[in-house]
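Working notes, beginning with the structure itself.
Residue numbers start at 1 and run along the sequence shown.
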Amino acid sequence: MKSNVTIVTACDKNYLWGAFLLAASAARNIPNVPVNVVQIGFTEEDKTYFTQFPYGSVLSLSADDPRNVANRKAEALATGESEYIAWLDADCMVIGDIESMLTPENGEFQIRLRGEAENAQVWCNHYAPGETPRGVPQAVLTQWQADVGQLETPTHNTACVTNAFVLHRRHLGFIHQWRTQIAKVIAPANTGVVDRSSRPYFMIDESVLSSLLAFSNIAPPVAPFLLDRDPKAHVAHFGVNPKPWIRWRKQFWPYHKDVMELIDWLEEKGHAIPPIPWSFRRSSTPAAWALAQADAIYSTARTFVGHLIRRFS
């Protein structure tokens, strides 16, 4: 029976394999959950990789917004027609049966809020001298309140994470407010997924949604985030570059087995698969593992040397 939750994602051609991992892993693990892939730049052949699944749909982003796809999540979410709508980034993958976890415990809105230590790391370059590094910097909160112009006191003194969240459709007005606020405070240009030139909104869509959760008078109450708790049933997020379909990182290597098994399942079921990248070929496994280890050693050494330079300079 078709689920009362629809997964929505959006991407351009560069994330074809990421979106395919998401759609295919959903088709395997939660086959009753529809997946809407809202895209720009796909060919007609590309679209068939998604529509081959019983509840797979491909829709198009409008051509009149030059912003990065990450800033167009609200536009994509409007395609969801079910009671609940789940956003998952196009570099996510479904591990196990997460269908029951997609419904927010409070029946309204499920999203992950950053903890104090995580906020301190994310905002480390934005605190004023002497300010305690734990929540959102006061200067940023002040700017958010002025831009949103609704509540005087923030409901949350933290940032949210927008790679995965679920809402009831009665809160689509809040999502529309997100789109309107992005148009207000984010320049109409593709600045990537991080814009260091904007202090209050350097995390672009995430910063804007965080500002609304703090100061909007229609922000829904937030339920506990469930999609990262169970090792056997969760949403994997390949959130940093390079992505696995380009080259495996050591931190993502535990999911190599899941990707290989997913490709095996697709082949057994006779599903069409996009041209398989080098990193996803079984014959490449030893070299891909060695490259991931070497990259990790290089990154650790580079970080250590950087700390030494800053310490003694």
Can you tell me how far CG of Leu16 sits from CD of Gln39, rounded to the nearest 0.5 angstrom?
-> 10.0 Å
How long is the span from the NE2 atom in His168 to the CG atom in Asn4, to the nearest 0.5 Å?
-> 8.0 Å
Under 30°, 30 to 60°, or over 60°: which ring-plane class applies to Phe165 and Trp87, parallel, tilted or perpendicular?
-> parallel
For Ala86 and Val5 the tightest heavy-atom approach is CB-CG1, 4.1 Å
Is Leu77 reachable from Tyr55 through a run of I, L, V, M, F, W or Y residues, each pair having side-chain heavy atoms under 4.5 Å apart?
-> no
Closest heavy-atom pair and its distance - Asn119, Tyr127 | O-OH, 3.5 Å
Is any side-chain N of the basic residue among Arg134 and Glu118 closer than 4.0 Å to the acidic one's carboxylate O?
-> no
Which of parallel (below 30°), tilted (30 to 60°) and perpendicular (above 60°) describes Trp123 and His126?
-> perpendicular
N/O donor-acceptor pair under 3.5 Å between Glu99 side chain and Ser3 backbone | no
With a 4.5 Å heavy-atom cut-off, do Val58 and Asp46 have their side chains touching?
-> no
Shortest non-hydrogen contact between Asp91 and Gly239, atoms and distance | OD2-CA, 3.8 Å
Quick one: do Thr6 and Val35 satisfy side-chain contact (heavy atoms from CB on, under 4.5 Å)? Show the steps, please.
-> CA-CA 6 Å; Thr6 298; Val35 178; over 6 Å; no
ILVMFWY cluster, Phe225 and Val8 together (side-chain gap under 4.5 Å) | no
Can a donor-acceptor pair be found between the side chains of Arg72 and Ser62 at a distance below 3.5 Å?
-> yes
Under a 4.5 Å cut-off applied to non-hydrogen side-chain atoms, are Val33 and Ile98 in contact?
-> no
Gln150 side-chain N/O to Asn217 backbone N/O, donor-acceptor pair under 3.5 Å = yes
Contact check, side chains of Pro133 and Glu116, non-hydrogen atoms, under 4.5 Å = no
Do Ile111 and Val161 belong to the same hydrophobic cluster, where Ile, Leu, Val, Met, Phe, Trp and Tyr are linked whenever their side-chain heavy atoms lie under 4.5 Å apart, directly or via other members?
-> no
Nearest-0.5 Å distance, OH of residue Tyr84 to CD1 of residue Ile7 = 15.5 Å
Polar side chain donor-acceptor pair, Thr162 to Asp205, under 3.5 angstrom = yes
State whether the side chain of Glu131 and the backbone N or O of Gln138 hold a donor-acceptor pair below 3.5 Å, judged by distance alone.
-> yes
Salt bridge between Asp295 and Lys250, side-chain N to carboxylate O under 4.0 Å?
-> no
Check Phe280 against Pro244 and note the closest heavy-atom contact, atom names and distance.
-> CE2-O, 3.5 Å
State whether the side chain of Arg112 and the backbone N or O of Ala164 hold a donor-acceptor pair below 3.5 Å, judged by distance alone.
-> no
Point-to-point distance, once rounded to the nearest 0.5 Å, from CG of Asn157 to CG of Leu213 = 12.5 Å
Any chance CZ of Arg196 has more than 12 other-residue heavy atoms, nucleotides or ligands included, within less than 6.0 Å?
-> no
Have a look at Met93 and tell me which of Leu22, Val235, Asn29, Val259 forms a side chain to side chain contact (heavy atoms under 4.5 Å, CB included) with it.
-> Val259
Does any non-hydrogen side-chain atom of Val194 lie less than 4.5 Å from one of Phe202?
-> yes
May I ask you to decide if Asp195's main-chain N or O and Ser198's side chain share a donor-acceptor pair within less than 3.5 Å?
-> no
If Ile, Leu, Val, Met, Phe, Trp and Tyr residues are connected whenever their side-chain heavy atoms lie under 4.5 Å apart, and connections chain through other members, are Trp17 and Leu88 in the same group?
-> yes
Would you call Lys232 and Asp97 a salt bridge, taking side-chain N to carboxylate O under 4.0 Å as the test?
-> no
Indicate every side-chain donor-acceptor pair of residues 179-186 with a distance under 3.5 Å to a residue at least two apart or in another chain.
{"from": "Thr180", "atom 1": "OG1", "to": "His176", "atom 2": "O", "distance (Å)": "3.1"}
{"from": "Gln181", "atom 1": "NE2", "to": "Asp147", "atom 2": "O", "distance (Å)": "3.2"}
{"from": "Lys184", "atom 1": "NZ", "to": "Asp147", "atom 2": "O", "distance (Å)": "2.5"}

Could you pull out the closest heavy-atom pair between Arg249 and Val240, with the gap in Å?
-> NE-CG2, 3.5 Å
Would you please name every residue forming a ring-ring contact (aromatic ring centres under 6.0 Å, His included) with His156, sequence neighbours left out?
-> none
Would a distance-only check, ignoring hydrogens and angles, find a side-chain to backbone donor-acceptor pair under 3.5 Å from Thr158 to Arg114?
-> yes
Would Phe174 and Leu209 satisfy side-chain contact (heavy atoms from CB on, under 4.5 Å), going step by step from the backbone distance to the final call?
-> CA-CA 10 Å; Phe174 176 68; Leu209 190 60; 3.7 Å; yes
Under 3.5 Å, is there a donor-acceptor pair between the side chain of His234 and the main chain of Pro231?
-> yes
Could you grab the distance from atom CD1 of Ile276 to atom CZ of Arg281, nearest 0.5 Å is fine?
-> 7.5 Å
Going by distance alone, is a donor N or O of one side chain under 3.5 Å from an acceptor N or O of the other, for Ser216 and Gln177?
-> yes
Is the backbone of Leu212 close enough, under 3.5 Å, to the side chain of Trp144 for a donor and an acceptor to pair up by distance?
-> no
Pick from Asp89, Val94, Ile95: which one makes a side chain to side chain contact (heavy atoms under 4.5 Å, CB included) with Cys92?
-> Asp89
Mind checking whether Arg67 and Pro188 have side chains closer than 4.5 Å, heavy atoms only?
-> yes
Between Lys73 and Trp178, is any pair of side-chain heavy atoms under 4.5 Å apart?
-> yes
Using the benzene-type ring in the case of Trp, are the ring centres of Tyr15 and Trp245 under 6.0 Å apart?
-> yes
Would you be so kind as to tabulate the donor-acceptor pairs closer than 3.5 Å made by side chains of residues 261-271, with sequence neighbours excluded?
{"from": "Glu261", "atom 1": "OE2", "to": "Lys257", "atom 2": "NZ", "distance (Å)": "2.6"}
{"from": "Asp264", "atom 1": "OD2", "to": "Arg282", "atom 2": "NH2", "distance (Å)": "2.6"}
{"from": "His271", "atom 1": "ND1", "to": "Gln52", "atom 2": "OE1", "distance (Å)": "3.4"}

Would Val166 and Phe109 count as a side-chain contact (heavy atoms from CB on, under 4.5 Å) if you check the C-alpha gap in whole Å, the side-chain angles of each, and the deciding distance to 0.1 Å?
-> CA-CA 6 Å; Val166 190; Phe109 191 51; over 6 Å; no
Residues, nucleotides or ligands: over 12 heavy atoms within 6.0 Å of Trp289 CH2 = no
Quick one: does Gln110's side chain have a donor or acceptor within less than 3.5 Å of a partner on Met101's backbone?
-> yes
Quick one: are Thr285 and His256 in side-chain contact, heavy atoms under 4.5 Å?
-> yes
Can the ring centres of Tyr255 and Phe238 be said to be less than 6.0 Å apart?
-> yes
Verify side-chain contact (heavy atoms from CB on, under 4.5 Å) between Thr48 and Phe42, making sure each step is shown before the conclusion.
-> CA-CA 10 Å; Thr48 64; Phe42 280 19; over 6 Å; no
At their closest point, which heavy atom of Ala70 faces which heavy atom of Ile204, and how far apart are they?
-> CB-CD1, 3.9 Å
Cluster check Trp248, Tyr298: I/L/V/M/F/W/Y, side chain < 4.5 angstrom = no
Kindly compute the distance separating NZ (Lys243) from OG (Ser279), expressed to the nearest 0.5 Å.
-> 13.0 Å
Please answer whether the main-chain N or O of Ala292 pairs with a side-chain N or O of Arg247 as donor and acceptor at a distance below 3.5 Å.
-> no
